[in-house]
Peer 1: 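The structure's right below; bear with me while I get my questions together.
Computed from a predicted model, the values in this text were never measured in an experiment. Computation of the quantities below employed the complete heavy-atom set of this structure, encompassing side-chain atoms and omitting hydrogens, waters and symmetry-equivalent molecules.
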Amino acid sequence: MSSLEQRTNIKFCVLLEKSPSETLEMLKKAYGNDAMNITKEGKISLRQKPRESDVGGFFDYDSVIHHEFIPEGYTANNELYLVILKRLRKRPEKWVTNDWFLLHDNAPPHCALIVKKYLARHNVTTLEHPPYSPGLAPAYFYLFPRLKMKLKGHRFVDSKEVIENATKQLKDLSKNGFQECFEQSYERWKKCVVAGGK
């Protein structure tokens with residue numbers, strides 16, 4: 001089968017708001033060993049060594065609101081991020097009041113025009129994030145380190161087991177921890193302002 005046909009099918013799945021893992025499973029079912037994967041550079045290849053699953057997550061002062069694991073072979077690009085944002089919107093209790101804001105770093109998918117238009121269309125206030133400043137991103141100084149710490153030293157049979165364990169750890173994070181995270185975030189931003197952005 002041609003790669004063009006498979007690309008068309010991927011776009012179709014995105015329009016139907018299928019998750020990346022659902023899309024990948026459908027490609028594998030339809031094309032078997034000829035199913036394409038998407039490389040880390042965003043290029044399509046017919047054969048590729050699988051990579052570890054990445055996790056993307058959204059959290060607030062109380063808990064993780066939404067998380068997703070990026071399937072093996074997929075790259076977190078602007079189209080995928082837009083699909084994830086649309087699934088995040090399916091938590092209406094978090095969108096009804098519209099009295100919150102979104103802080104995400106300057107990763108290319110977050111800054112893509114289609115993402116900015118989507119957020120503007122839904123009146124989502126976003127905070128600008130300084131480039132190259134992971135120390136100011138709560139996911140980098142709070143969420144990911146805690147998740148890694150809990151999983152460190154464990155051997156897992158496959159990516160399914162990694163996902164199950166990581167999901168359990170995300171659910172077990174305490175409300176107090178998230179509150180401390182945002183208090184730390186405020187202090188870190190304050191120091192950045194005092195230092196003139198340095």
Peer 1: If you group Ile, Leu, Val, Met, Phe, Trp and Tyr whenever their side-chain heavy atoms sit less than 4.5 Å apart, what else falls in with Leu16?
Peer 2: Phe12
Peer 1: Less than 4.0 Å between a side-chain N and a carboxylate O, is that true for Glu68 and Arg87?
Peer 2: yes
Peer 1: First locate atom OG of Ser174, then atom CD of Gln179, and finally report the distance between them rounded to the nearest 0.5 Å.
Peer 2: 8.5 Å
Peer 1: Kindly determine whether Leu170 and Leu143 satisfy side-chain contact (heavy atoms from CB on, under 4.5 Å), including the steps that lead there.
Peer 2: CA-CA 8 Å; Leu170 286 170; Leu143 187 64; 3.8 Å; yes
Peer 1: What's the verdict on side-chain contact (heavy atoms from CB on, under 4.5 Å) for Gln169 and Asn165, showing C-alpha distance, side-chain angles and the deciding distance?
Peer 2: CA-CA 6 Å; Gln169 295 304 328; Asn165 281 276; 5.5 Å; no
Peer 1: Please round to the nearest 0.5 Å and tell me the distance separating atom CG of Leu82 and atom NZ of Lys116.
Peer 2: 14.0 Å
Peer 1: Can you tell me how far NZ of Lys190 sits from CD of Glu187, rounded to the nearest 0.5 angstrom?
Peer 2: 4.0 Å
Peer 1: If you compare all heavy atoms of Phe156 against all heavy atoms of Leu151, which two are closest, and at what distance to 0.1 Å?
Peer 2: CZ-CD2, 4.0 Å
Peer 1: Hey, what do you get for CD (Glu164) to CZ (Phe69), rounding to the nearest 0.5 Å?
Peer 2: 10.0 Å
Peer 1: Listed by chain and number, what are the ring pair (Phe, Tyr, Trp, His ring centres under 6.0 Å) partners of Phe144, not counting sequence neighbours?
Peer 2: Tyr140
Peer 1: The criterion is ring pair (Phe, Tyr, Trp, His ring centres under 6.0 Å); which residues satisfy it with His110, sequence neighbours excluded?
Peer 2: Tyr81, His104
Peer 1: Could you pull out the closest heavy-atom pair between Ala139 and Phe59, with the gap in Å?
Peer 2: N-CZ, 3.9 Å
Peer 1: How long is the straight-line distance from NZ of Lys175 back to CG of Asp62, given to the nearest 0.5 Å?
Peer 2: 4.0 Å
Peer 1: So which residues get pulled into Phe101's cluster when ILVMFWY side chains under 4.5 Å apart are joined, directly or through others?
Peer 2: Leu103, Leu127, Leu136, Trp189
Peer 1: Please find the pair of heavy atoms, one from Leu119 and one from Thr126, that lie closest to each other, and give the distance.
Peer 2: CD1-CG2, 3.7 Å
Peer 1: Indicate yes or no: at least one non-hydrogen side-chain atom of Val55 is less than 4.5 angstrom from one of Leu147.
Peer 2: yes
Peer 1: Can you name the nearest heavy-atom pair linking Gly135 to Phe141, along with the distance?
Peer 2: O-CD2, 3.4 Å
Peer 1: Grab the two heavy atoms, one from His66 and one from Leu88, that are nearest each other, plus how far apart they are.
Peer 2: CB-CD1, 3.7 Å
Peer 1: State, to 0.1 Å, how close Cys13 and Met26 come at their nearest heavy-atom pair, and which atoms those are.
Peer 2: SG-CE, 3.5 Å
Peer 1: Return yes when atom CD of Glu128 has more than 12 non-hydrogen atoms of other residues, nucleotides or ligands closer than 6.0 Å, and no otherwise.
Peer 2: no
Peer 1: Which residues satisfy the salt bridge (charged side-chain N to carboxylate O under 4.0 Å, His left out) test with Asp158, sequence neighbours excluded?
Peer 2: none
Peer 1: Kindly indicate, with the supporting measurements, whether the criterion side-chain contact (heavy atoms from CB on, under 4.5 Å) is fulfilled by Thr125 and Trp100.
Peer 2: CA-CA 7 Å; Thr125 303; Trp100 58 276; over 6 Å; no
Peer 1: Sub-3.5 Å donor-acceptor pair from the side chain of Ser185 to the main-chain atoms of Cys181, do we have one?
Peer 2: no
Peer 1: Taking Glu22 for the side chain and Lys18 for the main chain, is one N or O donor matched with an acceptor at less than 3.5 Å?
Peer 2: no
Peer 1: For the residue pair Tyr118 and His122, does the interplanar ring angle fall in the parallel (under 30°), tilted (30 to 60°) or perpendicular (over 60°) class?
Peer 2: tilted
Peer 1: For Ile84 and Ile70: C-alpha separation, side-chain torsions, deciding distance, then whether side-chain contact (heavy atoms from CB on, under 4.5 Å) applies.
Peer 2: CA-CA 10 Å; Ile84 293 170; Ile70 311 304; 3.9 Å; yes
Peer 1: Could you work out, with ring pair (Phe, Tyr, Trp, His ring centres under 6.0 Å) as the rule, every residue matching Tyr142, not counting sequence neighbours?
Peer 2: Phe178
Peer 1: Tell me, do Asp172 and Lys150 make a side-chain contact under 4.5 Å, heavy atoms counted?
Peer 2: no
Peer 1: Taking C-beta and beyond as the side chain, do Arg146 and Leu173 meet within less than 4.5 Å on heavy atoms?
Peer 2: yes
Peer 1: Can you measure from CD1 (Ile10) to CG (Leu15) and round to the nearest 0.5 angstrom?
Peer 2: 12.0 Å
